[in-house]
Amino acid sequence: MYGFKINNKKSLAVGIVFFSIFIALTIRLFFLMIKPTSTVQGELENHQVEYTSDKNYKIFDTNGESLINYKNKYVMVLDTKPFKLNNYEETLQDLLALNFIMKSEDESFNFSDIMQQSGKIYYNITKETYDKINKLNDIKGIYTYVYDELDLKESWRVENIIASIDKDNVEEGSFESEVVSIIQDNKRPTTGFYLDDKSIYRTNETNSGVNNKNIRLTIDSSMSDKIRDVLKDDSFSNLDNVGVVLLEANTGKIRAMVQKDESEANVNLGIGQLGFEPGSIFKILTEAIALNEGLVNVTDTFTCNGNICTNSGKSYAHGTLTVNKAFEVSCNDIFAKLGQLIGYENLLKYTTNLGLYNKVLGLAGENREEAVGVMPKLTDGVSNFAIGQCVTVTPLQIAGAVNAIVNDGIYIKPSLIEAIVDDDNNVIENIQNEENRIFTSTTSKLVKNSMSNVITNGTGTAAKVDGIIQGGKTGTATGEGGATTHGWFAGYFELDNKLYTLVIVAPNINGVDENGTELAGGNTAAPIYREIIKALISE
């Protein structure tokens, strides 16, 4: 009983305090609102326009899915001139409600200060507050809207690379300038507000950018998301920022270009670096060039004396092998001999025509410069050139080069923009890609067969997926002094009667796997290749 009295006293005290605040606020509002001035009434601007998005264009994937990630920002605008016209008799309850609602957002919010200000005052508010304010229908001089603010926390996602282009600071001829030329005449989405005859703001003239030009990418977001899920699997938690490029072979379209951590500089484009040594995946190109020039057949034999081949860190001689078998077991000695037959100038000519040593997309500018790779010098040695040890490439470059072999010998520069479209994703203009035959169909078939043998019997058995057409090549590249090692897998597979080229790089690998085997392309990138294909072919 005694405790009940104490609680009653506390409740009474709280009620008195609340009632006192209510009375004080009511009196303040009475003096502030009862006599709106004719001066304010005569100076009203009856129309306002607000931008409702950071961007004046949309980005779609190849299937028409919107790709730009936004986060909603809720805004209340208080226009002081019409707000001062609020009348005590008409709007007291709503004004009191507005005051209490806004106090939860901004403790300094009060009508006395507002009455001393001029112009428009913007408040960023929560969704809950936004909904509450929109139920206050009779207050003069306020309006709300939702603003689409770019969410760039994963700034190196492909769509975010495009969404973050600074249109006022692009280099001529760059990828960014191409995008800006498409969207330069676009209007940013807006919404308009007008004052009705009671000085209450109403909405009108919403412009969502209906006549704007937008960009449809080659990216398939469903494929990309499946690849992201694979990279995030606990099985690959020991690997750093793995990069993946997936090309549709007969078009060169980039269907996926993702990496494990997309908040870091883009691995696939070599942002902020010189690219990566490709190691033994470069042998795909070396074999194709030697065959295409008629210098060897896949059944020709060469002898490995262990000059540059090793096993467990020691010199290892493979003995006499056919070209096909040497590819299967990734024999450095024999492929160095193929390089000698081809010659430096021929290797350089072919690889240049396959898109190496040049940007693929053309990204430029501070902190977003796409790598061009490093062209090997004659003094580096043609033997090193032939086994991918004195050249650097980006995963996107090497994917385009390998894709030429997968695509019947025809090189198509990998592309990211598929079409210019309207607001509803209807095509305004399709983007066409040039084709350039580099290898004969026969060369393409022979090398693809060699790649298939690698997965069946060679260094790439960890990439095998039963029941599909596939082929590939492992690669392990170790930098000078052995400080860094990169694991690669470059391959192809068939899905729904289409061929795809898939390249994986696992940078900066070190240590051993669960079996105690030193980490290399065959036990890092190859299993990722396998799991990606399994994810893509699953329903």
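Each residue takes its place number in the sequence, starting with 1. Not measured: the values here are computed from a predicted model.
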> Can you name the side chain to side chain donor-acceptor pair (under 3.5 Å) partners of Thr351, sequence neighbours left out?
Replying inline: Tyr357

> Any salt bridge (Lys or Arg N to Asp or Glu O under 4.0 Å) pairs touching residues 171-184, not counting sequence neighbours?
Replying inline: Glu176-Arg368

> Which residues pass the side chain to side chain donor-acceptor pair (under 3.5 Å) test with Asn186, sequence neighbours left out?
Replying inline: none

> Residues in side chain to side chain donor-acceptor pair (under 3.5 Å) with Thr52, at least two apart?
Replying inline: none

> So which pairs with a foot in residues 158-191 pass ring pair (Phe, Tyr, Trp, His ring centres under 6.0 Å), sequence neighbours left out?
Replying inline: none

> With sequence neighbours left out, which residue pairs that include part of residues 124-165 fulfil the ring pair (Phe, Tyr, Trp, His ring centres under 6.0 Å) condition?
Replying inline: Tyr74-Tyr130, Tyr143-Phe193, Tyr143-Tyr201

> Does Tyr492 have any ring-ring contact (aromatic ring centres under 6.0 Å, His included) partners at least two apart in sequence or in another chain, and if so, which?
Replying inline: none

> Between Gln397 and Val372, what is the shortest heavy-atom contact and its length?
Replying inline: NE2-O, 3.0 Å

> Is a side-chain donor-acceptor pair under 3.5 Å present for Glu105 with Thr129?
Replying inline: yes

> Do Arg216 and Phe60 meet the cation-pi criteria used here (NZ or CZ under 6.0 Å from the six-membered ring centre, within 45° of the axis)?
Replying inline: no

>> I'd like to check the side chain to side chain donor-acceptor pair (under 3.5 Å) partners of Asp225; sequence neighbours left out, ordered by chain and number.
In response: Arg228

>> With a 4.0 Å cut-off on N to O distance, would you call Asp422 and Lys213 a salt bridge?
In response: no

>> According to ring-ring contact (aromatic ring centres under 6.0 Å, His included), who are the partners of Phe439, at least two apart in sequence or on a separate chain?
In response: Tyr350

>> Can you list everything that forms a ring-ring contact (aromatic ring centres under 6.0 Å, His included) with Tyr411? Sequence neighbours excluded, please.
In response: none

Report, one line per pair, each donor and acceptor closer than 3.5 Å where one atom sits in a side chain of residues 496-506; sequence neighbours left out.
from	atom 1	to	atom 2	distance (Å)
Lys498	NZ	Glu248	OE2	3.0
Thr501	OG1	Asn403	OD1	2.7

> Can you list the steps and then say if Tyr194 with His47 is a ring-ring contact (aromatic ring centres under 6.0 Å, His included)?
Replying inline: CA-CA 4 Å; Tyr194 72 96; His47 188 71; 7.9 Å; no

> Can you pull the salt bridge (Lys or Arg N to Asp or Glu O under 4.0 Å) pairs that have at least one residue in residues 126-136, sequence neighbours excluded?
Replying inline: Lys127-Asp131, Glu128-Lys132

